[in-house]
Number of protein chains: 2
Amino acid sequence: MGRKRTKSGKIRLAEVAELAGVSPITASRFFRNPEALSVAKRTRVESAANELGYVPNLAARALASQRTEVIGVLIPSLTNNVFSDVLRGIYDAYEGSRYSIQLSNTRYSILQEERLLRLFLAQKPAGLIVTGIDQTTESRAMLDAADCPIVQIMEIGPNPVDMMIGFSHYDAARAAIAHLFAQGHRKIGFIGARMDPRVQRRLDGYVSAMKDAGLFEQRLVVTTATPTSVTLGGALFTDLLAREPGIDAVFCANDDLALGVLFECRRREIAIPEQIAIVGFNDLEFMASAVPTLTSVRTNRYEMGNKAATMLIEAIDGRRPEQSVLDLGFKVIERQSSSSRHQDSRPAVSGGGAQNKMVALPSGHD
Amino acid sequence: MGRKRTKSGKIRLAEVAELAGVSPITASRFFRNPEALSVAKRTRVESAANELGYVPNLAARALASQRTEVIGVLIPSLTNNVFSDVLRGIYDAYEGSRYSIQLSNTRYSILQEERLLRLFLAQKPAGLIVTGIDQTTESRAMLDAADCPIVQIMEIGPNPVDMMIGFSHYDAARAAIAHLFAQGHRKIGFIGARMDPRVQRRLDGYVSAMKDAGLFEQRLVVTTATPTSVTLGGALFTDLLAREPGIDAVFCANDDLALGVLFECRRREIAIPEQIAIVGFNDLEFMASAVPTLTSVRTNRYEMGNKAATMLIEAIDGRRPEQSVLDLGFKVIERQSSSSRHQDSRPAVSGGGAQNKMVALPSGHD
DNA sequence: AGGATCGTTGACAGCGCTACCAGCAACGAC
DNA sequence: GTCGTTGCTGGTAGCGCTGTCAACGATCCT
């Protein structure tokens, strides 16, 4: 016996086809590949669909076509400003496309990531965006076996699963330290929080730059697994000062920490940059507006998300990009907090960034 | 002639049923309502599913059952810290539930919201979370006609579509101004950016409080439609000072603006709070850590998202909450930037917020 | 002119799951 | 002992769409 369930009441493709005087399959084609129809039928179907207010049933489409139009996005944090910029880039790229985004938060756990990956892959996504290059072997195997395009974002490294877009955190950190060296700083501390893989690589870059200069000392490094915050920046800086009162600069693994250091210096009446120089990472908006303005390493977060999404869509549509690994580079934006030239504190209320000087260009030209 | 398409290769429910020695329909029930099975069959199906690694096909389920397990979430911005906290609350609540989240960004446009709403509703979501109470009449009609639970978040107001969770931005602004009055301030400026409906209501609260005290002057108000930023805070404050050099306090519509004002004061060597007091809105993390620490109105953003999601799930499952409108209130967190008691600038590196004093409690007891 | 090619259209048979109803055994009430 | 009643299980028939193939006329080539 059939079901008595109420017909959803919605317009179906068949109704549209009937009104347009074509077969259902022709109407179906109109929505997927209108070019394939003759102009006459195309307009007939189009007006019929408009007249009836037809909306395709995505579940039926997914079932029949054996694929979804869902893009899975796995990011480690929803709180972090960095990821909200990336996300905005991603969402902007999908706007108006037929794909929809399924977002999940791994909370910086690769096990959680593995779990979510399994979940996503089971639904046969059209594509996948994952953060970073540090997956469990299990995750890696699933990604390798996945039959959809995949983009890894936030950093670049060897052995991409498929496509990859980001920059070298290691090189970026080295460039920041090189900048501090150029300004005459020698005893440079490092503070880092959360210590996720990318922060770890910034630390690695710092360590290598310091070692190259024969200046590395373990006690110059203060890190914690705690999530980052402005307050934490002040606390870590306090620790650093206690360990090594003689430092003349601090490289902060992100801008929130840098802002915390700035406030802590103010509290302690330490002059920036005269007594201590500060360099942050990411170049969030407030860095250009702080007093003194704060030097930071600019990363192209919005572009990273946007480009990743664009590349993914193109790959799904069968147009693979020429180069599957894209280095978006970084720039050290030099500002007052690390400038030995004592730029005067202009009342530059708006337009921060105009007077920025580029110190290093795209990474990874090796 | 049938299709030759490769069978997806995936395990289907029928295979599980066969291995378990039950009918497909019984296996189906196991996944939706295991209680309905006898214990014997339940364990048989369970172990069969585990053995085969069965994963349900959501598209087929959605098609057959005529409903999805997707929750639509419409927010105006992905950049704003405020919404990332709300989102985190929402995602946390859905973690592990069978629902998935479909997020869209209205970019503060009610027309965009209407478009997205139409898109969402067409897919028959299990529930909907929308931001605010200012929808187009068309949107409102669609929401009223929607046959799924709906939660409006971020603020409360008359005529909820269904459920509602938030607080009164009007009352919160009034409380902030009352606090400034209590500290002896009279010439209180207002700066606001973006001027979305909620910021507008904060302005309304400011205006009414000032008028009540006979202190309102139009030139004390500086607003712009530009998206908010720290830099913009400095610029708006500069405008305000130019218009009315005699102000003794500023109420900022959000914390980014407040931070910008702080930096601008530092640039101009204006003493806080002696010459000018500052009050922000939202109580972001950095407010407790700034120098001087910044007074703000704390809003329960994470809880708002989390509670909204929880209420929505319960409503979907047929357990509607007793009260459909929930006021989460706010608190004025008094800090140095508006304290006439001249709290000494302690080196309170971590733990900001411990010394906070609550000034006003949940809103909307009228 | 005949055949090959192209562009366009349609028929058919499912995709994997669940709503509906019916059946059946076990049980208690009368 | 008969008649509900309850609890569990299964059969049937789709949900609305699309992949595959075949057929058709129009166009092109030799």
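Chain naming here is simple, since letters A, B, ... match the order of the sequence lines and numbering starts at 1 in each. Only heavy atoms go into these numbers, but all of them, side chains included; no hydrogens, no water, no symmetry mates. Just so we're clear, the structure is a prediction, and the values are computed from it rather than from any experiment.
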(request) Using atom types as modelled and distance alone, determine if a side-chain donor or acceptor of B/Gln152 lies under 3.5 Å from a backbone N or O of B/Val161. (result) yes
(message) Between B/Arg320 and B/Asp162 (salt bridge meaning N to carboxylate O under 4.0 Å), is one present in this structure?
(response) yes
(message) If the cut-off is 4.0 Å, is B/Ser38 near the phosphate of D/dT9, judged by side-chain N/O to OP1 or OP2?
(response) yes
(message) What I'd like to find out is whether the side chain of A/Val73 reaches to under 4.5 Å of the side chain of A/Thr131, using heavy atoms alone.
(response) no
(message) Students often get this wrong, so: under 4.0 angstrom with heavy atoms, is A/Ala59 touching a base, only sugar-phosphate, or nothing?
(response) nothing
(message) Return whichever of A/Val39 or A/Pro24 has its heavy-atom-nearest nucleotide of DNA chain C closer to the 5' end.
(response) A/Val39
(message) Can you confirm whether the side chains of B/Ser23 and B/Thr26 place a donor and an acceptor under 3.5 Å from each other?
(response) yes
(message) How many whole angstroms separate atom CZ of A/Phe30 from atom P of C/dT9?
(response) 12 Å
(message) If I take atom CZ in residue A/Arg32 and atom P in nucleotide C/dT8, what distance separates them, rounded to the nearest angstrom?
(response) 16 Å
(message) Does a side-chain N or O of B/Ser23 approach OP1 or OP2 of D/dG10 to a distance below 4.0 Å, or not?
(response) yes
(message) What contact category does A/Arg29 fall into here, base, sugar-phosphate, or nothing, at under 4.0 angstrom with non-hydrogen atoms?
(response) base
(message) From CD of B/Glu35 over to C1' of D/dT9, roughly how many Å is that when rounded to an integer?
(response) 17 Å
(request) Just call it for A/Tyr54: base, sugar-phosphate, or nothing, with non-hydrogen atoms closer than 4.0 Å on any strand. (result) sugar-phosphate
(request) Take B/Thr26 and B/Ala60, find for each the nucleotide of DNA chain D with the closest heavy atom, and name the residue whose nucleotide sits nearer the 5' end. (result) B/Thr26
(message) Just the rounded figure in Å: distance from P of C/dG7 to CG of A/Leu37.
(response) 14 Å
(message) Can you identify which nucleotide, out of C/dG16, C/dT9, D/dG10, has its nearest atom closest to the A/Lys41 side chain?
(response) C/dT9
(request) Can you tell me the distance, in whole Å, between the CG atom of A/Asn33 and the C1' atom of D/dC17? (result) 16 Å
(message) Please give me the minimum heavy-atom distance between A/Leu63 and B/Ala59, naming the atom from each residue.
(response) N-CB, 3.9 Å
(message) I want to check one thing: is the phosphate of D/dC17, taken as OP1 and OP2, less than 4.0 Å away from some side-chain N or O of A/Gln66?
(response) no
(message) Less than 4.0 angstrom between a side-chain N/O of A/Ser28 and OP1 or OP2 of D/dT18, yes or no?
(response) yes
(message) Do A/Leu326 and A/Gln323 have side chains that approach each other closer than 4.5 Å (heavy atoms only, starting at C-beta)?
(response) yes
(message) Please report the distance, rounded to the nearest Å, between NZ in B/Lys124 and P in D/dC17.
(response) 10 Å
(message) By nearest atom, which of the nucleotides D/dC17, C/dC20, C/dA11 is closest to the B/Ile25 side chain?
(response) C/dC20
(message) Among D/dG16, D/dG10, D/dC17, which nucleotide has an atom closest to any side-chain atom of B/Leu63?
(response) D/dG16
(request) Side chain of B/Asn57 only, please: which of C/dT18, D/dT9, C/dG16 is the nearest? (result) C/dG16
(message) Rounded to whole Å, how long is the line connecting atom CZ of B/Arg12 with atom C1' of C/dC17?
(response) 11 Å
(message) Nearest to the B/Arg67 side chain among D/dT18, C/dA19, C/dC17, which nucleotide is it?
(response) C/dA19
(message) Between A/Arg61 and C/dC15, is there a contact of a side-chain N or O with OP1 or OP2 at under 4.0 Å?
(response) no
(request) Measure the distance from CZ on B/Arg42 to P on D/dT9 and round it to the nearest whole Å. (result) 9 Å
